[in-house]
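The next block holds one structure in the form of C-alpha cells; read it before the comments.
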Number of protein chains: 2
Amino acid sequence: MLVLMPGPAEQRPYHHGNLRTALLTAAERGLRENGADQLSLRDLAREIGVSHAAPRRHFADRRALLDALAETGFARLGATLHAALTESDGEREFPTRVRDAVSAYAHFAVENAALYELMNSSKHHPGATLVTQAAAAAFGQMTDLIAEGQAHGALEQGDPEEVGIILYATVQGITTMVNSGMIGAERLDGLVDTAVSQFLRGARPLGPQRSPSGR
Amino acid sequence: MLVLMPGPAEQRPYHHGNLRTALLTAAERGLRENGADQLSLRDLAREIGVSHAAPRRHFADRRALLDALAETGFARLGATLHAALTESDGEREFPTRVRDAVSAYAHFAVENAALYELMNSSKHHPGATLVTQAAAAAFGQMTDLIAEGQAHGALEQGDPEEVGIILYATVQGITTMVNSGMIGAERLDGLVDTAVSQFLRGARPLGPQRSPSGR
DNA sequence: CTTCAATGTAGACAGTGGAAACACAGTTGT
DNA sequence: ACAACTGTGTTTCCACTGTCTACATTGAAG
C-alpha cells in the first residue's frame with residue numbers, strides 16, 4: 001500500500017530518526033484495525049516508508065514487537081486504573097471506588113480488544129519479564145484497593161492479593177466473553193455492576209455488619 | 001461418504017480415507033505442543049503423509065481448521081462439565097456441585113491451555129456460528145446449575161444467566177491468569193476455592209443490603 | 001462400461017520473517 | 001582535521017507459508 005505523501009519533506013533522510021516509536025504507534029493502529037495475526041513487520045515498514053529490514057534494528061523479532069505492545073498496553077491500563085482511583089480518592093465510599101476501577105478496567109479491555117487479547121496471550125518471549133512485570137504493576141493497584149477496603153472494614157480480612165485476583169479475574173473474564181462475541185457489548189455495564197455488588201457482598205465481613213458509612 | 005479403511009496399514013492408498021479427522025487430531029497435538037501460531041497446514045499434511053494442498057479439501061482455510069478445533073474444544077469442555085455435574089447429581093449439596101463444576105472447568109482450561117486460548121480467541125470466522133453455538137452449549141450448563149441453586153434456595157432469585165456469567169467469567173479469568181503466567185499454577189485450586197465460596201456468599205439470599213441500582 | 005463427484009497431487013504465486021553483507025551518517029578519540 | 005567506530009537503514013537472499021489452479025486417481029451411480 002504505497003501512500004503518496006504530499007507532505008512537506010518529500011525527500012526522506014537516510015535515518016528515520018524515530019523509527020522505534022513510529023513502529024510502535026503504527027503497530028498499535030494496525031493491531032486495533034486488523035488484529036495481531038495480521039500485523040506484518042513488512043507492512044509497518046512500508047507504511048512508515050522504510051525498508052523492510054529496518055524494524056529489525058529495533059525489534060529482534062516479531063514477537064519482540066508484540067511484547068513491547070503488550071507492555072505499553074499494561075502501562076496504559078495501569079495508568080487508566082490509577083486515574084480512575086485517584087479521581088475518587090478518599091471522598092467516595094469504598095464500593096463506588098471499586099466500581100469505578102472495575103468499570104475503567106472493563107472499558108479499557110473492550111475498547112482495546114485486540115491489544116487486550118495480546119496482553120493476556122500466553123505466548124510471550126521466555127525472557128519477557130517486562131511484560132509480566134508491567135502486568136503485575138497494573139494488577140497491584142487492585143491489591144491496594146482491596147487492602148484499603150479491608151482497612152476500612154468493608155471487606156473481611158485475608159490475603160489482599162488472593163481476593164484481588166478474584167475481582168481482577170472476574171472482570172477479566174467478563175471482558176473476554178464480550179470481546180469473543182459470546183456476550184453482547186451492551187451488557188457490559190450491567191454485568192460489571194452485578195459482578196461488583198456480588199463481590200462486595202461475598203467478601204464483606206461476616207456476622208454483625210458494621211457498615212463503613214451508613215446509608 | 002463413509003468408507004471403511006482396510007484395517008492393516010500397508011501401502012498408503014491414493015485416498016487417505018480419513019483425512020479430516022487425521023488432520024484434526026494432528027492439529028490438536030500440534031496445538032498443544034507448539035501453540036496455534038506455529039500450527040502450519042503444510043506441516044500437518046507432511047506429518048500425515050499427504051500433499052500440501054490436500055487439507056484444503058476439508059478446511060477451506062487455516063482459520064476454518066482452527067475454528068473446528070475450537071468447536072470440538074467447546075464440545076469436550078461441555079462434556080467435562082456435564083460429567084462433573086451428573087457425577088454428583090442430586091446427592092451432593094449445591095455448594096459442592098458448584099465447586100466440582102468450577103474445578104473441572106478450571107482444570108480443563110489449564111490442562112488444555114493453548115486450545116482454551118484458541119477457544120476464547122476473538123478471531124473466528126464471521127460466519128462461525130458453530131463455535132459460538134458450542135460455546136453457548138457449554139456455558140448453558142452453568143446457567144442450569146445456577147437455576148438449580150435458585151430453585152433450592154441456595155441463591156437469590158434473578159436472571160440465572162446473568163449470575164452464571166459472573167461465575168463463568170471468574171473461573172475464566174483465573175485460568176487465563178494462570179495460563180498467561182501471571183499466577184503460578186499451584187495456586188489454581190486455592191483460587192478456585194476462594195472464588196466459589198465468595199460467589200456463594202455473594203449470591204445467596206440475604207437481607208437486601210444493596211439492591212441492583214442502575215449506574 | 002461410462003460418467004461423475006469426491007478426494008488427493010503437483011506446481012505456481014505472492015507474501016512473510018529472518019539473516020547477511022553493505023551504505024550512510026553522527027559521534028568520538030587522537 | 002580526520003580516521004575509526006557505532007547506530008541505523010538498505011539490499012539481497014532464503015526457507016517457508018497459505019492459497020489458487022489444473023490435473024490425477026478413485027469409488028460409486030447410472
Side-chain angles (χ1 to χ4, degrees), chain A residues 1-3 5 9-27 30-31 33-69 118 121 123-126 128, chain B residues 1-7 9-24 26-27 30-31 33-69 118 121 123-126 128:
Chain A
M1 271 166 229
L2 245 175
V3 180
M5 292 279 258
E10 187 61 48
Q11 189 66 333
R12 169 178 51 86
Y14 187 88
H15 287 92
H16 179 282
N18 219 344
L19 227 200
R20 191 191 150 93
T21 56
L23 280 168
L24 282 175
T25 60
L31 178 64
E33 290 175 3
N34 302 313
D37 284 352
Q38 301 300 320
L39 206 56
S40 146
L41 291 179
R42 284 170 117 102
D43 244 355
L44 295 177
R46 253 187 306 263
E47 186 178 326
I48 296 178
V50 95
S51 90
H52 71 253
R56 202 116 198 311
R57 295 280 174 215
H58 302 275
F59 299 100
D61 217 87
R62 194 186 111 99
R63 280 239 289 248
L65 200 236
L66 295 180
D67 282 357
L69 281 179
L118 177 63
S121 162
K123 33 193 182 299
H124 295 299
H125 264 139
Chain B
M1 299 310 163
L2 281 183
V3 178
L4 291 183
M5 277 282 289
E10 63 266 16
Q11 188 70 354
R12 195 189 317 283
Y14 186 88
H15 287 92
H16 180 283
N18 218 342
L19 226 202
R20 193 190 148 92
T21 57
L23 280 168
L24 282 175
L31 177 65
E33 291 176 2
N34 301 313
D37 284 351
Q38 301 301 320
L39 206 56
S40 147
L41 291 179
R42 284 173 116 104
D43 244 356
L44 294 177
R46 232 171 276 137
E47 185 179 327
I48 296 178
V50 95
S51 93
H52 71 258
R56 201 116 198 311
R57 296 283 174 212
H58 302 274
F59 299 100
D61 218 80
R62 194 186 112 98
R63 278 240 290 249
L65 201 236
L66 295 180
D67 282 357
L69 281 179
L118 177 64
S121 164
K123 31 190 183 299
H124 296 299
H125 263 137

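Note on A/Arg57: every side-chain N or O is 4.0 Å or more away from OP1 and OP2 of C/dG18. In this structure, A/Ser40 reaches the C/dG17 phosphate: one of its side-chain N or O atoms is under 4.0 Å from OP1 or OP2. The shortest distance between the side-chain N/O atoms of A/Ser51 and the OP1/OP2 oxygens of D/dG9 is not below 4.0 Å.
Taking 4.5 Å as the limit, some side-chain heavy atom of A/Leu23 sits within range of a side-chain heavy atom of A/Ile48. A heavy-atom distance below 4.5 Å is found between the side chains of A/Leu39 and A/Arg62.
Counting any heavy atom pair closer than 4.0 Å across all strands shown, A/Arg63 reaches no nucleic acid atom. When heavy atoms are screened at a 4.0 angstrom cut-off, A/His58 is found touching the sugar-phosphate backbone but no base atom. At a threshold of 4.0 angstrom between heavy atoms, the contacts of B/Leu39 are confined to the sugar-phosphate backbone, with no base atom among them.
Atom-to-atom distance recorded for A/Asp61:CG and A/Asp67:CG is 8.5 Å, nearest 0.5 angstrom.
In the interface, the side chain of A/His52 is not paired with the base of C/dG15 through any donor and acceptor atom under 3.5 Å apart. One cannot find a donor-acceptor pair under 3.5 Å joining the base of C/dG15 and the side-chain atoms of A/Arg42.
Just one residue in the list A/Leu69, A/Leu44, A/Leu19 forms a side-chain contact (heavy atoms from CB on, under 4.5 Å) with A/Leu24, and that residue is A/Leu69.
In this structure, B/Leu44 places its CG atom 13 Å from C1' of D/dG18, rounding to the nearest Å.
For A/Asp43, the listed nucleotide lying nearest its side chain is C/dT16; candidates were D/dG9, D/dT17, C/dT16.
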